[in-house]
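Structure first, commentary second.
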Amino acid sequence: MRIEYDIKLGFKDVMIRPKRSTLKSRSEVRLEREFKFLHNPLTWSGIPIMAANMDTVGTFEMALALAEKQVFTAIHKHYTIEDWKNFTSEAPKQIENYIAVSTGTSDKDTNKLTQVFNIFPKLKFICIDVANGYSEHFTAFVRKTRAQFPDKVIIAGNVVTGEMVEELLISGADIVKVGIGPGSVCTTRVKTGVGYPQLSAIIECADAAHGLGGQIISDGGCTTPGDIAKAFGAGADFVMLGGMLAGHDESGGEIIEKNGEVFKKFYGMSSATAMEKHVGGVAEYRASEGKTVEVPYKGPVENTLQDILGGLRSTCTYVGAARLKELTKRTTFIRVNEQENRVYN
Ligand code: 5GP
């Protein structure tokens, strides 16, 4: 048994130190970024925020709303081929820049992925998503997918340590998804004791990925626009959101009315709710590692997005970053024992 003593930090442990700036207004800040990828000649430009590939968040409706603002959606893996056909026949052409097709690693998943790309060869992004990206089987699957789709951008995860980021990049991933246990409806840390505070995971994984010419997505744990700014400040190339985008018109999940108030159901993809919906129940050998919650109905996602992008622009002006790209370089974190004043919460 071994103990690592250097402290690992989460978003709640830090704030960003303000710095002298020449920017006069938030409107001067550019949030769009351009990326080149490790394993293919594609380039991407847009605002590097992503809706999570959860069936309550990574919906076609969400993708249409977010793509209008150049924001990305990892479409969840539970749509049928028929659903994809309907969507792509009506969606604007540029949608292909702002969506990923998600897949697990089973034969059934692979068959569906292959079918989707046979029908829509113009789609560019594949998101291979498993709860635990540390298994050899997963690395082998990434290698196989790279061989099958040499000209696509492959996102693979989730992991939280530099050596595994390197292994996935070397195995064919372009972008590695980082986060084990920080999610709003995740119970992995409770059920298994496994995890890694997200801010440190980002700092360490970004360093590993950038050294090889890859990128990372910080996935999970953002509860406010400030957390998203901290994730970018720590070195995340993209930030993925679940809970912050739940509860909107474009989100999945049934609507619930209670005493005149409206809520929407939101649940983890390993929750009993999701497993009952998609695989007919929780298998005997596993425990659910996700919660089911009711979030207050929040209206159109456009308003939330404006709040997020406004917050991020403001962060950039506080540290003098004219472009989101410069935010990491201009970020100094301070360790803190307090965050916001909650007297009126
Ligand atoms: P959030 O933004 O809500 O804090 O986190 C979203 C992320 O939580 C997702 O992108 C995914 O990585 C993770 N997640 C979603 N469902 C589950 C689940 O049931 N269990 C666990 N462990 N993580 C989940």
Side-chain angles (χ1 to χ4, degrees), residues 10-12 48-59 62 66 71-78 100 102-104 125 127-134 138 155-160 175-199 201-202 205 216-232 236 238-248 251-253 264-279 281-283 286-296 298 301 304-305 308:
F11 299 129
K12 68 169 197 340
I49 292 179
M50 293 178 159
N53 50 309
M54 304 169 74
D55 66 359
T56 44
V57 178
T59 62
M62 185 67 75
L66 297 187
V71 171
F72 199 93
T73 301
I75 303 288
H76 71 73
K77 69 172 189 176
H78 298 289
S102 301
T103 180
F125 288 79
C127 176
I128 313 174
D129 185 46
V130 295
N132 171 6
Y134 282 77
F138 182 63
I155 300 168
N158 281 20
V159 299
V160 282
I175 310 174
V176 176
K177 203 145 71 77
V178 172
I180 294 186
S184 59
V185 281
C186 166
T187 55
T188 294
R189 293 177 184 176
V190 182
K191 290 283 167 86
T192 68
V194 177
Y196 213 97
Q198 188 66 3
L199 190 91
I202 298 168
C205 291
I216 66 156
I217 301 169
S218 168
D219 176 20
C222 288
T223 59
T224 57
D227 289 342
I228 300 174
K230 289 173 188 175
F232 282 122
F238 296 85
V239 176
M240 182 173 264
L241 306 174
M244 285 184 73
L245 299 179
H248 295 91
S251 318
K264 266 191 133 172
K265 210 180 216 188
F266 176 50
Y267 46 85
M269 293 313 292
S270 310
S271 65
T273 307
M275 284 194 262
E276 270 150 29
K277 190 163 175 200
H278 299 299
V279 293
V282 182
R286 62 185 294 177
S288 93
E289 284 179 28
K291 288 180 218 174
T292 300
V293 297
E294 290 161 9
V295 298
K298 301 177 196 159
V301 74
T304 301
L305 192 62
I308 291 172

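All values below come from the heavy atoms of this structure, side chains included, with hydrogens, waters and symmetry mates left out. Counting convention: from 1, in listed order, for ligands and their atoms alike. All values reported here derive from a predicted model rather than from experimental measurement.
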Side chains of Phe138 and Ile128, heavy atoms from C-beta outward: is any pair under 4.5 Å?
yes

With a 3.5 Å distance limit and no angle check, can you tell me whether Lys264 reaches the backbone of Ala246 through a side-chain donor-acceptor pair?
no

Can you list every protein residue that has a heavy atom under 4.0 Å from any atom of ligand 1, sorted by chain and residue number?
Ala52, Met54, Asn158, Gly183, Ser184, Cys186, Thr188, Asp219, Gly220, Gly221, Met240, Leu241, Gly242, Gly243, Gly268, Met269, Ser270, Ser271, Glu289, Gly290

Pairing of Asp55 and Lys277 as salt bridge, 4.0 angstrom limit:
yes

Residue pairs involving residues 180-190 (criterion salt bridge (charged side-chain N to carboxylate O under 4.0 Å, His left out); sequence neighbours excluded)
none

Check: Leu245 main-chain N/O paired with Ser251 side-chain donor or acceptor under 3.5 Å
yes

Relative to each other, are the rings of His78 and His278 parallel, tilted or perpendicular (30° and 60° limits)?
parallel

